[in-house]
2 protein chains.
Amino acid sequence: MANRFIQKLQGFADLTEEAVAALTAATHRPQDFKPRQDLIREGDRPGPVFVVLEGWAIRYKALPSGSRQIMAFLMPGDACDLNIGMLAEMDHSIQTVSPSKIVKIAGETMNGLMMTHPSVARAMYVAQLVDEGTLRAWIVSLGRRGSAERVAHLLLELYVRGVRIGIAHDDEVELPLSQVVLADALGMTPVHINRVLQELRQSGAIELQRGLLRILDAAKLTRISGFDDNYLHRKLRAYRSSNI
Amino acid sequence: MANRFIQKLQGFADLTEEAVAALTAATHRPQDFKPRQDLIREGDRPGPVFVVLEGWAIRYKALPSGSRQIMAFLMPGDACDLNIGMLAEMDHSIQTVSPSKIVKIAGETMNGLMMTHPSVARAMYVAQLVDEGTLRAWIVSLGRRGSAERVAHLLLELYVRGVRIGIAHDDEVELPLSQVVLADALGMTPVHINRVLQELRQSGAIELQRGLLRILDAAKLTRISGFDDNYLHRKLRAYRSSNI
DNA sequence: CGTTACATTGAGGTTTCTCAAGCTGAGTGG
DNA sequence: CCACTCAGCTTGAGAAACCTCAATGTAACG
């Protein structure tokens with residue numbers, strides 16, 4: 001059975017059998033990582049492409065003050081930028097947040113794969129575009145949304161992504177993120193996150209404990225988040241109808 | 001003489017003569033735009049690639065509440081994502097902020113250019129990577145920096161970009177951005193921006209009036225901004241040593 | 001059964017926002 | 001050449017959101 005990375009790419013483009021075989025070969029021996037391990041750090045020379053097969057990782061930037069800002073969550077199936085190798089240095093770090101299985105694909109291998117199998121290249125580009133869209137949404141959240149909106153929006157985003165990659169069941173998704181991690185992602189303090197989560201729980205919109213998020217009232221959560229009603233739907237449509 | 005777009009690409013990769021000629025042909029007839037004109041809007045089907053030859057534009061997202069968040073400034077020479085056309089809909093809008101000369105390059109034309117001239121493709125990819133880095137820096141600012149830091153950081157970023165594309169003279173750069181625009185970019189209110197700018201002026205770090213920014217004390221501004229001392233330098237190095 | 005990481009609570013302080021008014025300078029029609 | 005207008009900038013005061021510090025609670029784990 002194809003791994004999550006391949007499954008995800010198949011959602012973005014029709015992969016030939018050979019492409020799938022090549023991808024399988026390139027990702028067949030993942031490496032285990034414990035939580036809080038840096039895969040690569042700001043300032044490092046970019047090396048291989050990382051592909052998360054199981055577990056969660058984050059992209060983050062550490063600040064001189066000691067705090068950090070998380071810029072993206074990498075869920076099973078996600079890869080870090082394929083062509084980051086073009087730059088001389090990493091401008092951010094990547095770290096696991098939960099026990100993970102991760103594959104390193106050498107830059108040349110990846111390039112070769114994309115050259116030989118245009119469908120792979122296409123799928124990777126679409127994946128990157130989607131990531132960029134998420135990055136832009138992140139900016140909007142940080143800049144123009146209140147704390148409750150922000151939290152609700154992130155939870156929804158993660159839930160939607162969980163559904164898409166099949167790690168969500170009904171209204172539940174595993175979310176191995178501490179409140180500190182959420183705070184670093186949302187640009188707020190852990191204390192404040194905590195209070196916001198309580199509000200959300202008391203409003204009956206969600207349940208969240210021990211790494212398990214349950215959406216109790218999706219409509220309410222959507223309303224709180226200021227999720228443009230069409231956003232979710234539009235987003236899904238956008239993915240599917242990519243036809244280049 | 002090559003236009004700013006071509007100049008910028010030349011900074012990212014060695015373009016062949018034919019490539020320059022093809023780019024020149026593709027960008028030789030720009031169109032004039034007044035300020036505050038949308039080039040393309042959220043929800044639209046992506047069409048041509050836009051290239052800003054003169055003037056400034058912004059990427060932004062409008063929120064239901066009526067406010068908006070700016071996610072990027074497009075300065076002369078900048079192009080919007082080359083492969084945005086792969087997605088079904090724009091997830092953000094692009095608008096001019098000052099009188100501008102802008103070229104539209106049809107998607108197929110652009111693709112053809114990149115196929116025929118690999119050096120163009122390479123330069124465009126590097127440009128995109130750089131943009132992504134800027135996007136990530138934006139997130140850090142919004143999430144983890146105080147207002148003075150944020151403003152200082154943006155001004156420095158814009159100044160550095162101005163220097164790179166040659167629209168800065170000594171310590172001055174034209175900045176046709178109202179305080180409202182700055183507020184929309186930095187996730188704060190115009191009122192607060194105003195007060196922060198006054199602080200920066202009174203500290204002797206900058207002068208800013210009638211669309212002209214002057215850096216009076218770069219060291220001080222850098223300190224205020226929390227600009228990682230190496231960041232600027234590293235960034236420049238990263239651009240230059242891109243050698244793939 | 002202590003240790004440890006994470007979550008929760010309270011109180012007070014700061015930053016930033018909101019609202020509302022006044023100011024300035026460039027352009028415009030008389 | 002003078003009102004007049006309008007967009008953008010500035011100022012003040014009170015309110016709200018969010019942070020800081022510091023303590024306490026709680027579940028998992030060796």
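Just so it is clear, the model here is predicted, and its values are computed rather than measured. Note on naming: letters A, B, ... go to the chains in the order of the sequence lines (proteins, then strands), and numbering restarts at 1 for each one.
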| said: Quick one, B/Gln69 with B/Arg59, criterion side-chain hydrogen bond (donor to acceptor under 3.5 Å, both in side chains). Give me CA distance, side-chain angles, the key distance, then yes/no. | reply: CA-CA 9 Å; B/Gln69 175 64 41; B/Arg59 267 182 226 290; over 6 Å; no
| field | Distance in angstrom units between A/Leu182 CG and C/dT8 P, rounded | value | 11 Å
| said: In this structure, how many angstroms lie between the C1' atom of D/dA7 and the CG atom of B/Leu177, rounded? | reply: 16 Å
| said: Check the phosphate of C/dT8 against A/Asn194, side-chain N and O only, distance under 4.0 Å to OP1 or OP2. Yes or no? | reply: yes
| message | Does the protein touch nucleotides 17-26 of chain C at the base, only the backbone, or not at all? Give it as B, S and - per nucleotide, heavy atoms under 4.0 Å. | response | SBB-------
| field | Distance, rounded to the nearest Å, where B/Gln209 contributes CD and D/dT10 contributes C1' | value | 14 Å
| request: Only one of B/Val173, B/Leu177, B/Ile224, B/Leu175 passes side-chain contact (heavy atoms from CB on, under 4.5 Å) with B/Leu155; say which it is. | output: B/Leu175
| query | OP1, OP2 of D/dG8 versus side-chain N and O of B/Ser178: anything below 4.0 Å? | reply | no
| Under 3.5 Å, is there a donor-acceptor pair between the A/Asn3 and A/Gln7 side chains? | no
| said: So, OP1 or OP2 of D/dA7: does either fall under 4.0 Å of a side-chain N or O from B/Arg36? | reply: no
| field | Length of the CD-P vector between A/Gln179 and D/dC19, whole Å | value | 14 Å
| said: Tell me every residue that passes side-chain contact (heavy atoms from CB on, under 4.5 Å) with B/Pro190, counting only those two or more places apart in sequence or in another chain. | reply: B/Val180, B/Ala183
| request: Compare every heavy atom of A/Val151 with every heavy atom of A/Ile193, then report the nearest pair and how far apart it is. | output: CD1-CG2, 4.0 Å
| said: Using whole Å, what does the distance between atom P of nucleotide D/dT26 and atom CD of A/Gln198 come to? | reply: 13 Å
| request: Check the distance between D/dA16's C1' and A/Arg145's CZ and give it to me in whole angstrom. | output: 20 Å
| So, B/Ser93 and B/Asp38: side-chain donor and acceptor under 3.5 Å apart, yes or no? | no
| task | Take the protein atom CG of A/Leu197 and the nucleotide atom P of C/dT8, then report the distance between them rounded to whole Å. | result | 7 Å
